[in-house]
Number of protein chains: 2
Amino acid sequence: MRKTATLADIAASVGVTPMTVSRVVNESGYVHADTRQKVLRVMQEMNYRRNGLARGLKRQRTETIGLVVGDVANPFAAEVIRGVREVLTARGYTMFVCVSDQSVKEEAEAFESLADHRVDGMIVATRASRKGNAHLMTLLDANLPVVALGRDFNHPHTDFVSADHFKGGCDATEHLIELGHRRIGFIGIKQSYGAGLKRFQGYLETLRKHGIKVNEDIIVGRRKGTDQAPGYSTEEIGYEGMKYLLGLRKPPSAVFARNDFTALGAISAIKQIGRRVPQDVAIVGFDDVPLASHTSPPLTTVFQPTHEQGRIAAEFLLRRIEAVQNLPRAERVLPCKLIIRESTVSGTEST
Amino acid sequence: MRKTATLADIAASVGVTPMTVSRVVNESGYVHADTRQKVLRVMQEMNYRRNGLARGLKRQRTETIGLVVGDVANPFAAEVIRGVREVLTARGYTMFVCVSDQSVKEEAEAFESLADHRVDGMIVATRASRKGNAHLMTLLDANLPVVALGRDFNHPHTDFVSADHFKGGCDATEHLIELGHRRIGFIGIKQSYGAGLKRFQGYLETLRKHGIKVNEDIIVGRRKGTDQAPGYSTEEIGYEGMKYLLGLRKPPSAVFARNDFTALGAISAIKQIGRRVPQDVAIVGFDDVPLASHTSPPLTTVFQPTHEQGRIAAEFLLRRIEAVQNLPRAERVLPCKLIIRESTVSGTEST
DNA sequence: TATAGATATGTTACCGTTATCATATTGAGC
DNA sequence: GCTCAATATGATAACGGTAACATATCTATA
């Protein structure tokens with residue numbers, strides 16, 4: 001294996017010191033035009049590529065940030081990634097994405113890897129967990145700038161960006177109640193695990209507000225207690241969950257699903273036994289994925305500004321990275337928006 | 001900002017040399033049990049974290065690989081990522097994902113970043129392009145191990161993994177022809193751009209084989225010639241494309257869509273004007289995303305072993321990284337499988 | 001008890017880059 | 001021609017870690 005050329009190799013070939021070559025590479029300091037030309041030519045010839053490790057080691061920053069997401073198969077993650085990247089590349093930073101597959105262990109490994117490789121900062125968009133939070137703390141102890149996106153993490157030196165999932169959950173539930181529903185199910189999380197899921201809390205709170213007793217029988221979660229299921233199998237959860245609900249003596253007349261894919265799975269189950277959406281069961285999703293307007297019936301759902309969250313998280317992070325001293329915690333909670341389509345309100349031609 | 005502790009700091013505190021601490025950290029060589037304990041304690045106290053830059057610089061490898069994908073919003077990319085990661089973590093490697101958003105420019109930047117940061121190898125799963133390939137060549141010149149996944153890249157020292165998209169395209173088209181369709185449209189790529197899309201070539205080839213003249217009027221691509229649309233907007237392309245086809249004097253009786261989301265968009269357009277799938281128009285997708293069995297009607301599509309492709313790509317890459325000398329090109333093309341559901345064959349209760 | 005091997009630690013140098021300071025050279029203005 | 005600043009380049013020393021070799025102690029066995 002041929003080794004890659006170094007500054008020293010270039011320098012030797014041109015007849016200058018590595019420092020001069022470094023100046024050419026970084027376009028810093030004074031270099032004579034002729035020298036620059038010669039150096040550039042040789043660099044080309046020798047296929048020079050700078051060594052980011054050495055550079056990072058010396059400069060004590062890598063102009064690199066890490067983004068940790070739990071799962072990558074949904075438009076939510078994709079849009080977050082795009083938003084973050086837009087801001088970062090514009091500022092000359094590179095983003096490395098690590099995927100935890102919703103596993104706390106993998107998440108920890110992602111943290112370690114990114115910290116080891118000395119990213120300048122990190123955006124964490126995985127699901128919150130006790131262990132994950134503990135791990136994050138050790139990073140913060142090492143003064144690594146961190147921004148939490150869409151997950152709780154309360155720390156005086158960590159910024160926080162999220163959509164208002166609680167309010168979104170309220171709005172979705174409120175919408176169903178306004179339509180006259182009283183028996184409203186929830187699919188996607190079990191009662192006991194629901195503490196961290198703001199959408200679910202909004203659902204509970206709104207029911208209570210309207211004097212509707214929360215009925216645990218019509219709240220269904222993942223099968224078999226696995227909390228590890230990758231997000232993109234949520235249509236499965238929606239399908240199974242809805243089948244269960246439809247099998248009850250008194251099925252709910254409306255269901256709020258934790259996200260759009262879960263909602264689509266639920267719709268599939270309803271149609272399969274010949275019932276109609278929304279006439280027999282009304283469905284509300286969450287996220288407003290691009291597909292939601294192209295399903296049958298088109299899905300009533302709660303839009304969240306995903307791309308914007310990514311952008312803001314990136315801006316928070318860069319501000320923190322470039323700050324001379326520790327900044328106080330910044331928070332930003334963006335509003336969601338209920339999008340009413342035909343899975344709750346019978347339209348002109350829902351099939 | 002407090003600096004993070006270094007080996008030297010630990011060493012000074014314990015009263016040994018950095019080398020001894022290094023031995024403890026790496027669990028290599030001989031260290032007295034007592035010394036090890038002391039070192040470990042101080043490491044804990046000082047919150048030591050090893051510097052991957054320095055380590056990588058000295059050892060000339062980072063145990064890190066880069067995965068470049070074009071878009072992350074579809075289950076395909078997600079499964080590839082999972083497959084790759086499974087194999088890599090088991091072997092102690094870390095994976096960093098870069099997303100190009102289907103942009104050649106961003107792709108080039110991803111290559112640069114990863115190469116700069118001295119990943120030990122790279123898996124490239126973006127769409128092929130002349131410029132992208134040229135860029136890849138410069139990496140190979142620097143002896144960076146590369147595996148191409150699902151994209152053409154012919155190079156004597158680059159491995160190749162893919163599903164048999166061509167055969168899959170043939171099977172899908174064959175299926176429609178067997179059902180009696182002669183007027184079969186394609187949505188997702190324009191004729192002229194189609195050269196690189198094997199699925200499309202399979203479609204063309206199969207039509208020809210059956211003596212069906214290729215009709216450019218019923219082959220529709222992206223709107224406005226943008227080739228930059230992120231993958232997850234493909235339902236939009238399917239919807240718009242189908243609307244266009246339905247507006248023709250003689251619409252096709254069947255459509256092969258470049259992927260499942262495109263197919264779902266097409267179905268949405270058909271239903272919107274009150275036509276039925278498959279009775280009025282039959283639809284075949286590609287990929288077999290989890291959602292495909294939960295749509296109405298459930299989608300006939302071509303399954304590709306995505307996860308497996310990721311695993312194999314990772315194995316190829318590791319083999320190449322750990323080889324003493326340049327290995328010859330390895331290739332692996334995995335079979336696809338036609339999954340017949342109700343979007344082509346009227347089932348018991350398709351709505 | 002001499003001696004070889006295992007155990008335990010230290011020394012040195014270098015990975016490739018750049019910050020910092022030092023030294024030449026050039027040119028402009030007087 | 002002198003002076004000061006701008007221009008151009010070099011020398012040196014890290015950044016944090018580890019490979020390679022050297023040295024010292026301990027232990028078991030002939």
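In what follows, chains are A, B, ... by sequence order, proteins preceding strands, each numbered from 1.
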Legend entry - Distance below 4.0 Å between B/Tyr30 side-chain N/O and C/dA8 OP1 or OP2: no
Inset, instruction - Find the distance A/Ile10:CD1 to D/dG10:C1' and express it as a whole number of Å. - result: 18 Å
Inset, instruction - Figure out the CG/P separation between A/Leu57 and D/dA14, and round it to whole Å. - result: 14 Å
Legend entry - Phosphate OP1/OP2 of C/dT9 contacted by B/Thr35 side-chain N/O (<4.0 Å): yes
Inset, instruction - Return the set of residues passing salt bridge (Lys or Arg N to Asp or Glu O under 4.0 Å) with A/Arg118 (not counting sequence neighbours), or none when no residue passes. - result: none
Inset, instruction - Look at the side chain of A/Asp120 and the backbone N and O of A/Ile65, then say whether any donor-acceptor pair between them is shorter than 3.5 Å. - result: no
Legend entry - Interatomic distance where NZ belongs to B/Lys38 and P belongs to C/dA8 [whole Å]: 14 Å
Legend entry - Rounded distance in Å - CG (B/Leu53) to C1' (D/dT18): 15 Å
Inset, instruction - State whether the side chain of B/His307 and the backbone N or O of B/Val80 hold a donor-acceptor pair below 3.5 Å, judged by distance alone. - result: no
Inset, instruction - Verify the neighbour count for atom CZ of B/Arg332: are there more than 12 heavy atoms of other residues, nucleotides or ligands below 6.0 Å? - result: no
Inset, instruction - Take A/Glu322 and A/Arg91, measure what salt bridge (Lys or Arg N to Asp or Glu O under 4.0 Å) needs, and give me the verdict at the end. - result: CA-CA 11 Å; A/Glu322 286 163 11; A/Arg91 301 273 289 276; 2.9 Å; yes
Inset, instruction - Please report, rounded to the nearest Å, how far the P atom of D/dA6 is from the NE2 atom of A/His32. - result: 19 Å
Inset, instruction - Please determine if a side-chain N or O atom of B/Gln60 lies less than 4.0 Å away from the OP1 or OP2 oxygen of D/dT18. - result: no
Legend entry - Backbone of A/Arg127 reached by a side-chain donor or acceptor of A/Gln102 within 3.5 Å: no
Quick test: give all pairs of protein nitrogen or oxygen and nucleotides 17-24 of chain C nitrogen or oxygen below 3.5 Å, distance rounded to 0.1 Å.
unit_1	atom_1	unit_2	atom_2	d
C/dT17	OP1	A/Tyr48	OH	2.4
C/dT17	OP1	A/Asn51	N	3.2
C/dT17	OP2	A/Leu7	N	2.5
C/dT18	OP1	A/Asn26	OD1	3.4
C/dT18	OP1	A/Asn26	ND2	3.1
C/dT18	OP1	A/Arg55	NH1	2.5
C/dT18	OP2	A/Ser22	OG	2.6
C/dT18	OP2	A/Asn26	ND2	3.2

Legend entry - Side-chain N,O (B/Thr20) to OP1/OP2 (C/dG10) below 4.0 Å: yes
